[in-house]
Every structure is written in structure tokens, then in C-alpha cells.
Peer 1: 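Got a structure for you, questions after.
All ligand and atom numbering here is 1-based and tracks the order in the structure.
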Amino acid sequence: MHYFQYRNSELYCEDLPVRAIAEQVGTPLYLYSRATLVRHFDAFDGGFGDVDHLTCFAVKACSNIGILNIFAGMGGGADIVSGGELFRALKAGVAPDRIVYSGVGKTAAEMREALEAGILLFNVESSQELDRLQQVAAELGVQAPVALRVNPDVDPKTHAYISTGLARNKFGIPVDAAFDEYLRARTMANIEIRGVSCHIGSQLTRVEPFLEALRKLKVFVGRLREEGIEIQYLDLGGGVGITYNDEEPPHPHEYARAIREELGGLTCTLILEPGRVIVGNAGILVTEVQYTKVNSGGARKKRFVIVDAAMNDLSRPSLYGAFHEILPVVRSRADNLLVDVVGPICETGDFMARDRMLPAVHQGDLLAIMSSGAYGFTMSSNYNSRPRPAEVLVTGREFSVIRRREQYRDLIRGEQIPGQEQS
Ligand code: LLP
């Protein structure tokens, strides 16, 4: 459930017409609904009820500090994968002892920053990473809190690019090797073993792969405990999917119930790293139609709607062939036409939708690209020297710009012509 609804013929975000915001802020524009963010966080976190747990929002899904701050205010933590995300999370007010750090390529500098901040957990993904962390922690004279990320070899049945829990993926350490790494970690003076972690993939639409991974982890935790290795935290990662089109992912409560049941009597603090399920349907990308045109592609006429948003603003359609529903911001009675909705970038791969039935639109009309809250702005770039869009947060009848639209001077920030002063 989200708070983007039509009232009469106008699309609203909570109590504000999307059109009115676009008129003031311009397009393209990312628009988020606070009530939806809060509702989704509550639904997810609340599903685990009285189970000892911590919901660490996956910052990569939507990293604006104005949004991270909402989750921090609700007691949420953060799942980070870089020094930049650590910086954001701290700026947003996330408590350091609620931050978990995942990722296969942490640099020594990033480890240092996270150790100095006092984060809850490093999810370590290789033997070499463990060695480096030991060394950095020793230099600082501190203990590094660690979980090893286990690769459970489970098929999440999702897009190949976002599947992470298969043996052939680059993530984590295979179960048997992980056992040996725990034995090694135990002997390291500056490593404090706290938990076990895993993350099997993203946009999962079934609970079974999660349960399969959890079953394997339970056995693994049992083995470690028999060995006298204390495991306090079990981090199950993120991955719960959302409805973009006709997917039927589990409701967060259903996911939580299944996990709770499978946990059985396992005594651990559960850590969860949801991203998409919280923010995905809480954000849209608003774009304006620039031109419409018809090219005759052989026997078939091909209709194009050219909008002012492009693959640099929302890359999911180009990158994964992802489906995003597109709605007119003001509904009309126009007949449906089969169109490609495309951006201004000089690549055929620059599309928001292909072969989509949409009511006929005209220059100046606004369209809403739905479900763009997750991996939308965070994956945007300046390709074709396009300033990135503004981000706006709506709360009831109010809105705030939480990231101003980039200007041309932002495009060359930090660049320099040799011998001249920096721009
Ligand atoms: N934890 C870890 C360690 C992760 O790698 C990820 C996502 C998450 C949590 C959050 O997963 P979520 O709950 O959002 O599924 N750009 C792609 C998605 C990449 C996901 C990467 N890892 C997309 O647009 O679909």
C-alpha cells in the first residue's frame, strides 16, 4: 500500500497534487511519500514483533539523508557497503552501534573509518578481508566486531545480476571454508566474533529461498556453538521483493512469520537488511513529455514518447529490462496507444518502457514512473552531462526539497584544465 492515488483525475502524493509540486520544482523529479516510508518500515519491523531484532535499512536502495533520518528516528539501523554510505548514515543520525557493514571490497581506509565510528558489525566476505581487518584493528588498538558472510548456495530465483547467494557469485564464503575461517578468527587478537551473516539476492518473490538459507545457517550456527564459538547475531540480509507489475511477493508479515517459525528456538539477535521493500513503492519519478513522434519501422509504425527523464536518472529499465508502471499525472479519456517511452540520451537502450499501452499524451504532459524509490536516484549518473534530478519528500500537505536539482556548475565540480585554477 502506498500513498500515490488519483483523486478525480489528478495523481496525488499524500495530500498534494503531483502536478503542483512538479510546477514548482521542475522535472525530472523524484518524489517520496513519508507516510508510505513510515508505513513500510513499520510493517517490516513490526512483523518481527517481540523477536529480538534490528532492522538495518540497506542504504544503497535510497540514500538521501532526509530519508535515512526517518528510519533512524524509528529506531532503525543501517546496512552500509562503503565509506560514503557510512558518512551518510552518520550524518542522517543513525546510531553507530546500529550499523552493519557488508561488501566484498572494503578498503583499509574504510575499515578504519568504521572502526573509529564504532559500528556494530563487519560482515566479512573473504579470508583476506579478515586478515586486513585484524591488521587495521590492531593498528588502532581496538577490537573489530565481526560476522562472516556465508554463501549458502541457494538459488533466489531472481534476475541473474542481483542474485548473490549462489556458489558461483562473488559474495560471501562457502559454508565449509567459513567454518575454518571462524576457527582462524578466534585466534586473532583484534577480532571479536559476534555473528553469522548472509544475503542471497534481491527482489525475491518467494519465501522458500530465504528459509532454505536460514536452515543452512541454523545448522552452521549449531556447529560453531559446539566448537565453543559464541554467536550473538544472525544477519539474514535483505531481498524481499515488491510488486512492479504482476509479481506477488510475500507480505512483510508473511515473510517475518515464516522466518520466525523457521528460527525455532535459536537464540540470536536477528539482523535484517531490507531496502527495496521499504522504499521501492514509496517513490516515483515524475517526468514531462517533450515530444511525441512516429517512426515507421518497416511494416510497423513505431510510436515514441520522448520524456525529460532518461537512463541516467533511472537505469533499471535499461540495465535489467525492469518493468516500471507509467501513469499519467492527469488522467485523460484519450485512447490507448502502443508506445515506447524513451529519454533524450543517445543510446537505443535509453528507455523507460517498451511496447507499452498508454493513453495518448502530448507535449507538456506529466508522467509518473512508479515504484522508483529503490535503486532509482542512488543509481543515477551524470551521463550525457545531465544534472541529476531534485528529490522531494511529501508529508501530508507539505513538501520539502531534500536534494536540490543539480546545476551545470555541479557537473564540473572538481574538474580542472591543467595549469588553470580549479572550477
Ligand atoms: N544487504 C546486502 C548485503 C545487499 O547486497 C543488498 C542489496 C541488500 C541488503 C538490500 O536488498 P533489497 O532488500 O533491497 O533487495 N540495483 C538492483 C538491486 C541490487 C541489490 C544489491 N544488494 C535493482 O535495481 O534491482
Side-chain angles (χ1 to χ4, degrees), residues 37 40-41 43-45 47 54-63 67 71 76-82 85 89 99-106 121-125 129 147-152 156-166 169-173 195-207 209-210 213 234-245 247 249-250 252 255-256 259 270-283 285 311 313-324 352 369 371-381:
L37 294 164
H40 288 179
F41 188 91
F44 188 93
D45 193 59
L54 178 60
T55 300
C56 293
F57 174 69
V59 172
K60 66 173 85 63
C62 186
S63 57
I67 289 178
F71 305 138
D79 162 50
I80 60 164
V81 291
S82 69
E85 288 192 351
I99 294 178
V100 298
Y101 192 167
S102 311
V104 295
K106 303 175 192 82
L121 204 58
F122 286 86
N123 288 332
V124 170
E125 306 217 18
E129 186 190 332
L148 296 188
R149 176 164 169 186
V150 171
N151 183 326
K157 301 201 165 58
T158 182
H159 192 290
Y161 285 12
I162 52 177
S163 141
T164 51
L166 282 167
N169 299 140
K170 70 177 173 183
F171 298 96
I173 307 175
V196 174
S197 80
C198 83
H199 168 78
I200 58 172
S202 196
Q203 183 55 13
L204 272 70
T205 50
R206 297 170 43 200
V207 288
F210 291 114
L234 186 60
D235 182 343
L236 292 180
V240 178
I242 62 168
T243 303
Y244 286 100
N245 187 12
E247 303 90 337
Y255 162 79
I259 298 283
L270 211 53
I271 296 177
L272 303 139
E273 304 173 354
R276 189 188 320 259
V277 68
I278 296 189
V279 291
N281 287 326
L285 176 59
M311 66 191 281
D313 304 307
L314 178 69
S315 64
R316 303 194 70 259
S318 312
L319 197 54
Y320 314 113
F323 179 98
H324 285 259
M352 299 290 125
I369 305 174
S371 312
S372 302
Y375 308 105
F377 189 90
T378 52
M379 293 192 9
S380 66
S381 76

Peer 1: What protein heavy atom sits nearest atom 15 (O) of ligand 1, and how far away is it?
Peer 2: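 Residue, atom and distance for the closest contact: S202 OG, 2.4 Å.
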
Peer 1: Kindly determine whether N123 and F171 satisfy side-chain contact (heavy atoms from CB on, under 4.5 Å), including the steps that lead there.
Peer 2: CA-CA 11 Å; N123 288 332; F171 298 96; over 6 Å; no

Peer 1: Please find the pair of heavy atoms, one from S315 and one from M379, that lie closest to each other, and give the distance.
Peer 2: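 Answer, listing the atom of S315 first, then M379: OG-CE, 3.3 Å.
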
Peer 1: Taking salt bridge (Lys or Arg N to Asp or Glu O under 4.0 Å) as the definition, give me every residue that meets it alongside D79, ordered by chain and number, with sequence neighbours left out.
Peer 2: K60

Peer 1: Considering only the protein, which heavy-atom contact is closest to atom 8 (C) of ligand 1, and what is its distance?
Peer 2: H199 CE1, 3.4 Å

Peer 1: List the closest protein heavy-atom neighbour of atom 20 (C) of ligand 1: residue, atom name, distance to the nearest 0.1 Å.
Peer 2: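 In this structure, atom 20 (C) of ligand 1 has Y375 OH, 3.6 Å as its nearest protein heavy atom.
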
Peer 1: When you measure from atom 19 (C) of ligand 1 to every protein heavy atom, which one gives the shortest distance, and what is it?
Peer 2: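 Scanning the protein heavy atoms, the shortest distance from atom 19 (C) of ligand 1 goes to I162 CG2, 3.6 Å.
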
Peer 1: What residue and heavy atom of the protein are closest to atom 24 (O) of ligand 1, and at what distance?
Peer 2: R316 NE, 2.6 Å

Peer 1: List every atom of ligand 1 that sits less than 4.0 Å from any heavy atom of A58, numbering the atoms from 1 in the order shown and giving each element.
Peer 2: 8 (C), 9 (C), 10 (C)

Peer 1: Who's closest to atom 12 (P) of ligand 1 heavy-atom-wise, of G201, S102, G239, A61?
Peer 2: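 Shortest heavy-atom distance from atom 12 (P) of ligand 1: G239.
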
Peer 1: Using distance alone, decide if ligand 1 has a nitrogen or oxygen within less than 3.5 Å of any nitrogen or oxygen in R149.
Peer 2: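 No, R149 has no N/O under 3.5 Å of an N/O on ligand 1.
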
Peer 1: May I ask you to list the atoms of ligand 1 that are less than 4.0 angstrom from any heavy atom of P274?
Peer 2: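 Taking each heavy atom of P274 in turn, ligand 1 has 13 (O) under 4.0 Å.
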
Peer 1: Tell me: protein heavy atom nearest atom 17 (C) of ligand 1, and distance?
Peer 2: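 Ranking protein heavy atoms by distance from atom 17 (C) of ligand 1, first comes Y320 OH, 3.0 Å.
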
Peer 1: Are any of the heavy atoms in V277 under 4.0 Å away from ligand 1?
Peer 2: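 Not so, V277 does not reach ligand 1.
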
Peer 1: Is it true that the NZ or CZ of K106 lies under 6.0 Å from the centre of Y101's six-membered ring and within 45 degrees of the ring axis?
Peer 2: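 Pair K106/Y101 counts as cation-pi.
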
Peer 1: Of all heavy-atom pairs between I200 and P156, which one has the smallest distance, and what is that distance?
Peer 2: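 Between these two residues, the closest heavy atoms are O-CG, 3.3 Å.
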
Peer 1: I'd like to check the salt bridge (Lys or Arg N to Asp or Glu O under 4.0 Å) partners of R276; sequence neighbours left out, ordered by chain and number.
Peer 2: none

Peer 1: Closest heavy-atom contact between P209 and L204?
Peer 2: CB-CD2, 3.9 Å

Peer 1: Heavy-atom distance to atom 6 (C) of ligand 1: which of K60, M379, E273, Q203 wins?
Peer 2: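 The nearest heavy atom belongs to K60.
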
Peer 1: Just how far is it from atom NE2 of H40 to atom CD1 of I242, taken to the nearest 0.5 Å?
Peer 2: 8.5 Å

Peer 1: Do side-chain atoms of R149 reach the backbone of H199 as a donor and acceptor pair under 3.5 angstrom?
Peer 2: yes

Peer 1: At less than 4.0 angstrom from any non-hydrogen atom of G275, what atoms of ligand 1 do you find?
Peer 2: 12 (P), 13 (O), 14 (O)

